[in-house]
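Every value quoted in this text rests on a predicted model; they were computed, and no experiment measured them.
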Amino acid sequence: MNVDLAHPAEQVGPRLLGAVLTHETPEGIVSIAITETEAYSGTADPASHAYRGQTPRNAVMFGPAGHLYVYRSHGLHWCANVVTGTDGIASAVLIRAGRVVEGEDLARKRRGAKVESPRLARGPGNFCQALGITAEHNGTDLLTDASVVLSGGEPVPAALVRVGPRVGVSKAHDWQHRFYLAGDPTVSAYRLSPRAKPSAGA
């Protein structure tokens with residue numbers, strides 16, 4: 001892995017663009033190149049799960065960088081985050097979208113036969129479904145685990161990286177902590193939460 005994860009989430013978020021998450025199961029291998037991320041800055045970030053401190057649910061966020069923090073969104077979808085920063089200080093990057101670079105047939109089997117290629121891993125829930133990530137992978141060490149691995153991909157030119165507000169959150173939604181590849185069809189659409197209010201912050 002050629003991305004240094006031992007930094008705050010807002011610094012790691014853009015650096016994860018182009019990196020690849022690979023999951024090997026008895027069904028086969030799926031690899032997805034990351035095209036969209038969002039940074040969440042722990043106890044300093046009102047939109048972070050760790051804002052009010054450590055709980056059994058968010059404990060992985062406070063652990064060493066390089067682990068996978070998986071949570072259920074709205075009781076429907078699994079979402080995957082790469083833990084960053086320093087051990088003991090919560091910080092994580094949500095993987096919002098990606099491009100399937102290996103195992104497209106298996107990803108489509110998981111997502112649906114009629115799903116178009118750019119939509120297979122567009123959106124954090126779809127990303128996890130295509131990759132086969134569930135609650136059992138919470139806490140996985142992405143740098144040493146044999147089944148789910150984070151690795152470096154093709155370098156992304158800085159000119160292609162875009163920055164913007166986060167999608168669908170009601171608090172600190174206007175923080176410029178969303179990073180994505182310009183013009184990439186796998187990137188999810190921006191949606192402002194109907195409960196969002198202007199906020200001060202990064």
Side-chain angles (χ1 to χ4, degrees), residues 3-17 19 21 34-98 121-128 131 133-143 148 150 161-180 187-202:
V3 176
D4 185 356
L5 302 176
H7 294 281
E10 61 271 22
Q11 296 180 22
V12 177
R15 299 173 187 173
L16 282 174
L17 297 176
L21 266 176
I34 298 169
T35 59
E36 181 184 7
T37 65
E38 277 180 352
Y40 288 87
S41 305
T43 56
D45 185 346
S48 171
H49 288 178
Y51 182 57
R52 299 187 184 280
Q54 185 171 339
T55 67
R57 181 198 188 198
N58 66 26
V60 174
M61 289 185 70
F62 289 82
H67 287 242
L68 195 65
Y69 168 50
V70 180
Y71 69 88
R72 193 89 163 181
S73 176
H74 305 296
L76 298 173
H77 308 292
W78 297 111
C79 296
N81 303 255
V82 177
V83 176
T84 69
T86 304
D87 192 5
I89 300 176
S91 180
V93 175
L94 172 67
I95 308 303
R96 285 201 53 84
R122 180 192 293 171
N126 294 334
F127 186 99
C128 281
L131 201 59
I133 296 297
T134 65
E136 69 178 280
H137 301 104
N138 186 45
T140 295
D141 187 339
L142 297 171
L143 306 182
V148 186
L150 179 67
V161 178
R162 296 291 182 271
V163 181
R166 296 186 287 206
V167 178
V169 295
S170 59
K171 297 178 180 179
H173 69 92
D174 47 4
W175 288 23
Q176 302 295 295
H177 282 191
R178 177 179 174 235
F179 310 96
Y180 58 97
V187 172
S188 59
Y190 174 75
R191 292 184 180 87
L192 177 66
S193 169
R195 298 178 290 116
K197 297 179 180 179
S199 60

Of all heavy-atom pairs linking Thr84 and Ser91, the shortest is OG1-OG, 2.7 Å
Pairwise distance CE(Met61) to OH(Tyr40) - rounded to 0.5 angstrom: 10.0 Å
Closest heavy-atom pair and its distance - Ala65, Leu5: CB-O, 3.7 Å
Approximate separation, where rounding is to 0.5 Å, of Leu94 CG and Arg178 CZ: 11.0 Å
Between Val93 and Phe179, is the side chain to side chain contact (heavy atoms under 4.5 Å, CB included) condition met? List the steps. CA-CA 10 Å; Val93 175; Phe179 310 96; over 6 Å; no
For Arg166, which residues count as a salt bridge (Lys or Arg N to Asp or Glu O under 4.0 Å) partner, sequence neighbours excluded? Asp45
Which distance, rounded to the nearest 0.5 Å, do you find between the CG of Leu68 and the CG of Leu150? 9.5 Å
Walk me through it: do Leu17 and Thr37 pass the test side chain to side chain contact (heavy atoms under 4.5 Å, CB included)? CA-CA 7 Å; Leu17 297 176; Thr37 65; 4.2 Å; yes
Starting at CD of Gln54, measure out to OG1 of Thr43 and round the result to the nearest 0.5 Å. 11.0 Å
Would you please test Val60 and Asn81 for side chain to side chain contact (heavy atoms under 4.5 Å, CB included) and show each step? CA-CA 10 Å; Val60 174; Asn81 303 255; over 6 Å; no
Nearest non-hydrogen partners of Val187 and Glu36, listed with the distance: CG1-OE1, 3.6 Å
At their closest point, which heavy atom of Ser41 faces which heavy atom of Glu10, and how far apart are they? OG-OE1, 3.1 Å
Can you see which heavy atom on Leu142 is nearest to which on Val148, and at what distance? CD2-CG1, 3.5 Å
Please check if the side chain of His137 supplies one atom and the backbone of Thr134 the other of a donor-acceptor pair under 3.5 Å. yes
Decide yes or no for Thr140 and Ile133: does some side-chain heavy atom of the first lie under 4.5 Å from some side-chain heavy atom of the second? no
Closest heavy-atom pair and its distance - Pro46, Ala172: CD-CB, 4.1 Å
CD of Glu38 to OG of Ser188: how many Å apart, nearest 0.5 Å? 7.5 Å
Sorted by first residue and then second, give each side-chain hydrogen bond (donor to acceptor under 3.5 Å, both in side chains) pair with at least one member in residues 58-69; sequence neighbours left out. His49-Tyr69, Thr55-Asn58
